[in-house]
Amino acid sequence: MEAGPEDWDRHLLDENTFTQNFRNDHNPSKTYLCYQVELSDGSSGVPLDQDKDIVQNEGGRGQHAELFLLEHIHSRNLDQKLSYKVTCFLSWTPCEKCAEEIIRFLAKNRHVSLSILASRIYTMGPYVKGLRRLYDAGVHISIMTFRDFEYCWQTFVDHQETPFQPWADLDRRSQQLSQQLWAILQKEPEGWTSVCL
DNA sequence: ATTTTCAAT
């Protein structure tokens, strides 16, 4: 009697859920994804109650969060004559399989561009290849900084007027992960897959 | 300083 897909849809996260899942000095075993959709000119191009949402991976061996994002966007039937920008804040970077699905989706939906901002780099499996392919496919991908966490907090969290409170190592971790991501994206496609910094 | 990671014995 558990959890249908509707149960993972939240328009706002509670404070603890956000912090526990997005802080970059922990490694929780689930993934949250906060996204928003706008017209490429910066204004919201979708009905107000749909311009942003939050999804989470399905439990167990279920579907990853990114696939819910693609389903959501697909179901919105965004106007083919307009250009949309989807910004997505992920607590973990996509796995290779999700990266492939994202690339396939974007190839079929040329009017949609995607920016990924991730808190942490998911390093299981052939993750380097997946991130590189996203990058090569034109997806903006970067590591969340203080400003991004703060924006997420203000936009997707039921913060009750509480200002965002960074954890101790936020900036240092963010910089480390950014360097690591940079090394991954600059790496020669056929190079070694281990990235040591 | 690196982490053990879209969990479950």
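All chains are named by letter (A, B, ...) in the order of the sequence lines, taking the proteins before the strands, and each is independently numbered beginning at 1. Just so you know, these numbers come straight off a predicted model, no measurement behind them.
A tilted orientation is assigned to the rings of A:Tyr32 and A:Phe22, their planes being inclined by 30° to 60°. Classified by interplanar angle (parallel below 30°, tilted 30° to 60°, perpendicular above 60°), the ring pair A:Phe164/A:Trp153 is tilted.
What separates CD of A:Gln180 from C1' of B:dT5 is a distance of 12 Å, to the nearest Å. Residue A:Leu90 contributes atom CG, which lies 14 Å from atom C1' of B:dT5 at whole-angstrom precision. Between the CG atom of A:Asn27 and the C1' atom of B:dA8 there is a distance of 17 Å, given to the nearest Å. Atom C1' of nucleotide B:dT5 and atom NZ of A:Lys30 are separated by 14 Å, given to the nearest angstrom. In this structure, A:Glu66 places its CD atom 7 Å from C1' of B:dC6, rounding to the nearest Å. B:dA1 atom P lies 17 Å from atom CG of A:Asp25, rounded to whole Å. When the C1' atom of B:dT2 is taken as reference, atom CZ of A:Arg173 falls 7 Å away, rounded to whole Å. Regarding A:Leu181, its CG atom lies at a distance of 16 Å from the C1' atom of B:dT3, rounded to whole Å.
The side chain of A:Arg61 places an N or O atom within less than 4.0 Å of a non-bridging phosphate oxygen (OP1 or OP2) of B:dA8. Taking 4.0 angstrom as the limit, A:Tyr122 places a side-chain polar atom (N or O) nearer than this to OP1 or OP2 of B:dC6.
Annotation: side chain of A:Arg173 is not in contact with side chain of A:Arg23 (no heavy-atom distance under 4.5 Å).
Remark on DNA chain B: of its neighbouring residues A:Leu177 and A:Thr31, the 5'-side contact belongs to A:Leu177, judged by nearest-heavy-atom nucleotide.
The A:Gln176 side chain lies nearest to B:dT2 when the options are B:dT2, B:dT4, B:dA8.
In this structure A:Gln50 satisfies the side chain to side chain donor-acceptor pair (under 3.5 Å) test with no other residue, sequence neighbours excluded.
Rounded to the nearest Å, the gap between the P atom of B:dT9 and that of B:dT5 is 14 Å. Going from the C1' atom of B:dT4 to that of B:dA8 covers 15 Å, rounded to whole Å.
Ring centroid separation for the pair A:Trp92 and A:Tyr127 does not come in under the 6.0 Å cut-off.
Of the residues in residues 91-107 of chain A, A:Trp92, A:Thr93, A:Pro94, A:Cys95 come within less than 4.0 Å of DNA chain B through at least one heavy atom, sorted by number.
No hydrogens or angles considered: nothing links the side chains of A:Asn16 and A:Thr19 as a donor-acceptor pair under 3.5 Å.
The base of B:dT5 is paired with the side chain of A:Thr123 by a donor and an acceptor separated by under 3.5 Å.
Heavy-atom minimum distance, A:Glu96 versus A:Arg133: OE2-NH1, 3.3 Å.
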